Structures are given as C-alpha cells and as structure tokens.
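Order of the sequence lines sets the chain letters (A, B, ...), proteins ahead of strands, with each chain counted from 1. All values reported here derive from a predicted model rather than from experimental measurement.
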2 protein chains.
Amino acid sequence: MNSIAGTGKNRGKTAARDESTLRAGTQDALRNAILDGKFKAGQKLVERELCEFTGASRSILREALVSLEAKGLIEHQSYRGYRVARLSARKIVEIFELRSSLETQAAELFTERASDEEIATLNEALTELERCLVNFDLARMRATKERYYDTLFTGCRNEEIRRALANVADRIYYLRSRLLLDPTRREASLEDMRRLTSALTSRDRLAARSASLAHLEAARETVLQIMEQDDSETAFRAA
Amino acid sequence: MNSIAGTGKNRGKTAARDESTLRAGTQDALRNAILDGKFKAGQKLVERELCEFTGASRSILREALVSLEAKGLIEHQSYRGYRVARLSARKIVEIFELRSSLETQAAELFTERASDEEIATLNEALTELERCLVNFDLARMRATKERYYDTLFTGCRNEEIRRALANVADRIYYLRSRLLLDPTRREASLEDMRRLTSALTSRDRLAARSASLAHLEAARETVLQIMEQDDSETAFRAA
DNA sequence: ACAACCATAATTGTATACAAAGTATGTATA
DNA sequence: TATACATACTTTGTATACAATTATGGTTGT
C-alpha cells in the first residue's frame, strides 16, 4: 500500500515512468489515481492521507498538488484543502469548444508539416484500431488512440497547442472509457477517424479541418448524452 | 528590498492585490518580477536568493515556483534548478498560432453570447484607446487594452479558452511595450481593433472572425521583425 | 426538539533545520 | 593539455514545530 512513488531509498524504481524527481513521481501517482477514478470527482483530498498513499513527505506532496491544481485536475480552497475537480455539463461544452478550435488547427497544420513517417504511423494506428474494434480489445483501443493523437499533435509542430490540449485531455479522460462502451458510437468514431486519416494522408487541409470538426461534434453530443443519463441516475450537479 | 509579499506578521498588507495566501502573493511577486524584466530571460533562479527577494520561506517559494513552471513562465531541470523561460522565434510563432485559433473562436462566441453591457464596455475601451493614442499615454493604453481583452474573453463565456489564452499572454507580455513603441504599428493596431469592435457590436460572426485574424497576423509580423532586430543586436538565440 | 454557542479536534498554512544527492568548479598530477 | 579528484555549492527531500482556520460535537437555554 505504501510507497507508490518510491521512498527516499528506492525512489524512481516503483513508478511506471522512471521520473527523475520524487515530486514528479508523486504528481504522476496522484494524476493516475484521479484518471483511473480511484479518487472520485468532488472527493476531498486530505494531505495526511495522500502522504500515506504516495509515501511522500508533506512538502513534496503539496508541491505535487500545486502542480495538479495548475492543470485544472484538482481545485483548492483556502484552509479547506483540495478536492478532485468536478465536471459540469457547462465545463464539458467549454472544453469541447476549446478542442474544436485547437484540434482542427492542429489537423490543418499537420497536413503541411508532418513527415511521411508520421503519416505512416497514423495509418498504422488506424489499422490497429480497426483490429481492436473487431476483437473488442478496449484497453488496447484506448492506448492506440492515444498513440494516434500523440502523433497528430507532434506532427503539427506546435508544442503550445499540444500542451493546451494535453491539459484539457486529462480532465475528460475518464469519459473516454464511457464513450467506448457504446458500440454504435464506437463504429461511428472509427469512421470519423478514417475520414480524418485519409484527409491527413493526402495532406488536404480543408478536408482535414472538416473531418476533425465532425468527429469532435459527434463526440461532444455523445458525452452530453452520457452526462444527462448520469444526472438523472445519481443526481449531483455543479452548474 | 525585503518582504515583497509580506512576512508572516504583516502578510497580505504589502502586496498590491490582497492575496489570500502567502503562496499566491509570492507567486504574483515573482510573476511581476519576470514580466517587468527584473529577472531576464534565461536567468538562473536560485532558491535562496528568491527567498530573500520575496521574504517567503522555502516551502512557500517552491510551491510558487512549481505553479509558475506549470504556466510556462519558468523552466526546470533536475538538480539544475529553475530559469526564466526563453522565447525563441519558433516559440513565438507557436504562441501566435494558438492565439489565432483561440482568439478568433472567442470573438465568434462573443458575438453570440455577450451581453449588451459587455459590448458597451468594449466600445468605451476603444474610445479610451483612441484618446490614449492622441495623448501618447502608453501606460494607460496598455491597461485599457487589457480591459478590452478581459471583456472580450469574459463575454465569450468560456473559462477554458480564457485560461489557455491567459497562460500564453503572460509569456509574450514584455513584447507588448515593444509593439507600442512603433507609431505606425500603433495606428494600424487601433484600426484593426476598430474593425473588430464594429463586427462584435453588430454581432457579425464572420466579420469578427476575420478582423480578429487580421489583427493577430499583423501583430505576429511585427513581433517577428522585432525579434530579428534584437537577434542582430544582442545575439543570443535558443532555437 | 431545535437553535445558538462554545470547546475541542482536525486540517491547512507557514517556518526552519538538517541530511542526502547531484552539479559545478578548481586544482593537482600525469 | 587533459584527466582525476577534492571541494564547495545547489537542489532535493525529510522531519518537526507552531500558528491560523475550519470542522465537529456536545451543552445549554428556550
């Protein structure tokens, strides 16, 4: 149970990514716990408990918390501590608006700047996605999708856009698994990505833009539907 | 010289904005020091010296540094500490690409969501800007410009976009004063803003988009010219 | 029963000392 | 000149103490 991020003695060896500093490792451990739903949305994060959980001292833990707050993953109130950030429907709309803006831009830039190798990687990832769909390998599907987008955002040669997108991506991460549960949506999403990939491969800027946009709008609609469902079941909302 | 953010005893009284926590105050003091050029780009930031400068303890200082790093204002290397982030020409292009994407989006959303009061505020700010231009009141011009953009980004009703833009805005802050030094650019910029304001006032989405885009492209060109000048004078570049 | 009130516990905010680990620098030696 | 080593300095991490604020739970008066 203890020493998730490694203690002073064996630090950096327990964590998945061999982070160079304990702070980075602690931060990563907390981030993973949140993304995996181990700490639920709205849950209060008590410093003492997190120290036990991560094995880090309070100073380091607090630094990690500050960083996660800056990324919008947790929220802070003076003398009332941190809680896991909650996603309102409104927030989701905002995030999708930001994504619409930046991802389409990224797609456009990709058509002009990506290397042929990157385009090849994109197509390989797509093929793997199709295999995953047939085999119902959802875990691998998610990993592959990440590889796909990672290539896309690298190929657009803009670290700032990549960074801004990474920040919001973390916050809607847990929704992805929900999206993949719907078989209809799964097939539709793949069709969207086929169109996008094809446009990117032929370096057709306008087509890439519209494909990216269509994909995002469909995803947004599905997410909002899921939210509505959840709200009618367990009724907590933070408008 | 000491106690920029206030010490334990008189905290919150020295700082300009009465920040609720010492950390927020310290962070603000450091941010201002960087934006005002007190700490130059690339300069190494030694913890001990910053403690003396801000009057904060190391715990607080380090938390502030973590937060500033997350905002991209400073950079960190393991066991080598923090330095003020450097802006390469490449980075500036990236930032302007991001702004092009998000600010045009914000302008579009503004036309659909802003209140009439916000539109009025925009027009007031514009009028004040014209007065400033005549009176050569550059300090006030900058403040007014901030009010203008603040209203714009509030009116688009998207905190995520606002936040992403705020992050990059800090990093190119010091370039603004440079921009305002060129009288030709000053007049051209104001003309751009007149067009934008007019489009926003009539809630013409497409016109707002193109006006916003034109403004940004002009600004980018000027910034890059300034960068080139600087490079030929004091030659340090971090491609 | 219920509301206001107070004492106490729990939690967060701040400060500081110290140890461990890595980096940078300078010097001696081959 | 170049390499190895010693040294000082910086960063990183821990432990601890105490202050400030909030949360909790019980008591009292009505």
Side-chain angles (χ1 to χ4, degrees), chain A residues 2-15 17-30 39 42-70 74-85, chain B residues 2-15 17-30 39 42-70 74-85:
Chain A
N2 201 354
S3 121
I4 268 66
T7 69
K9 284 168 187 171
N10 64 347
R11 77 171 119 128
K13 289 179 181 169
T14 338
R17 311 184 211 163
D18 192 84
E19 303 287 0
S20 52
T21 63
L22 188 51
R23 176 172 78 71
T26 305
Q27 190 178 320
D28 225 51
L30 292 179
F39 301 144
Q43 179 179 339
K44 189 174 179 202
L45 299 172
V46 182
E47 293 185 359
R48 184 179 42 77
E49 292 171 4
L50 296 185
C51 282
E52 284 170 21
F53 175 69
T54 60
S57 70
R58 224 179 117 207
S59 336
I60 299 305
L61 177 85
R62 288 182 51 112
E63 289 175 16
L65 288 175
V66 167
S67 179
L68 290 177
E69 186 197 7
I74 61 180
E75 291 161 352
H76 175 257
Q77 274 190 306
S78 189
Y79 286 106
R80 246 171 269 186
Y82 292 90
R83 10 186 99 252
V84 179
Chain B
N2 201 354
S3 124
I4 269 69
T7 68
K9 283 167 189 171
N10 64 346
R11 78 172 120 128
K13 289 179 182 170
T14 339
R17 310 183 212 163
D18 191 83
E19 303 286 2
S20 53
T21 64
L22 242 191
R23 192 195 97 208
T26 304
Q27 190 179 320
D28 225 50
L30 292 178
F39 300 145
Q43 180 178 337
K44 191 175 177 197
L45 299 172
V46 182
E47 290 186 2
R48 184 178 40 75
E49 292 170 4
L50 295 185
C51 282
E52 286 170 21
F53 174 70
T54 60
S57 70
R58 203 168 70 95
S59 342
I60 303 304
L61 178 84
R62 288 187 50 124
E63 288 175 15
L65 288 175
V66 166
S67 181
L68 289 176
E69 187 197 7
I74 61 180
E75 292 162 350
H76 176 258
Q77 275 189 306
S78 190
Y79 284 105
R80 247 171 267 185
Y82 291 91
R83 359 186 108 254
V84 179

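- Using a 4.0 Å heavy-atom distance criterion, B/L45 is classed as a sugar-phosphate-only contact.
- Across C/dA15, C/dT23, D/dT10, the shortest atom-to-atom separation from the side chain of B/L22 is found for C/dA15.
- Contact of the A/F53 side chain with the A/T26 side chain is not registered, since no non-hydrogen atoms from C-beta on lie closer than 4.5 Å.
- The distance from atom CD1 of A/I74 to atom P of C/dT12 is 11 Å, rounded to the nearest whole Å.
- Donor-acceptor pairing under 3.5 Å, judged by distance alone, is present between the side chain of B/R58 and the base of D/dG13.
- Taking side-chain N and O atoms only, A/H76 has no distance below 4.0 Å to OP1 or OP2 of C/dT11.
- Between B/Q77 atom CD and C/dT23 atom P there is a gap of 10 Å when expressed in whole angstrom units.
- The CD atom of A/E69 sits 13 Å away from the P atom of C/dT12 (whole-angstrom rounding).
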### Message
Please determine whether salt bridge (charged side-chain N to carboxylate O under 4.0 Å, His left out) holds for the pair A/R58 and B/E63, giving the CA-CA distance in whole Å, both sets of side-chain angles, and the decisive distance to 0.1 Å.
### Response
CA-CA 12 Å; A/R58 224 179 117 207; B/E63 288 175 15; over 6 Å; no
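- At a threshold of 4.5 Å between non-hydrogen side-chain atoms, the residues B/L30 and B/L45 do not count as touching.
- One interatomic measurement links the two molecules: CD of A/E49 to P of C/dA10, which rounds to 13 Å at whole-angstrom precision.
- Scanning both residues, A/I74 and A/V84, for their nearest heavy atoms gives CG2-CA, 4.2 Å.
- B/R83 places a side-chain N or O within 3.5 Å of a backbone atom of B/G42 that can act as its donor or acceptor partner.
- OP1 or OP2 of D/dT10 has not a single side-chain nitrogen or oxygen of B/R80 nearer than 4.0 Å.
- Distance A/R48 CZ to C/dG13 P: 15 Å, rounded to the nearest Å.
- Spacing between atom OH of A/Y79 and atom P of C/dT12 amounts to 12 Å, rounded to whole angstrom units.
- If you measure from atom CZ of B/R83 to atom P of D/dT11, you get 10 Å, rounded to the nearest angstrom.
- A donor-acceptor contact under 3.5 Å is formed by the side chain of B/S59 with the base of C/dA15.
- Looking at which nucleotide of DNA chain C each of B/I60 and B/K44 is closest to, the 5′-most match is held by B/I60.
- The phosphate of C/dT12 has neither OP1 nor OP2 within less than 4.0 Å of any side-chain N or O from A/R62.
- The B/R23 side chain lies nearest to C/dT14 when the options are D/dA20, C/dT11, C/dT14.
- Atom P of nucleotide D/dT12 and atom CD of A/E63 are separated by 9 Å, given to the nearest angstrom.
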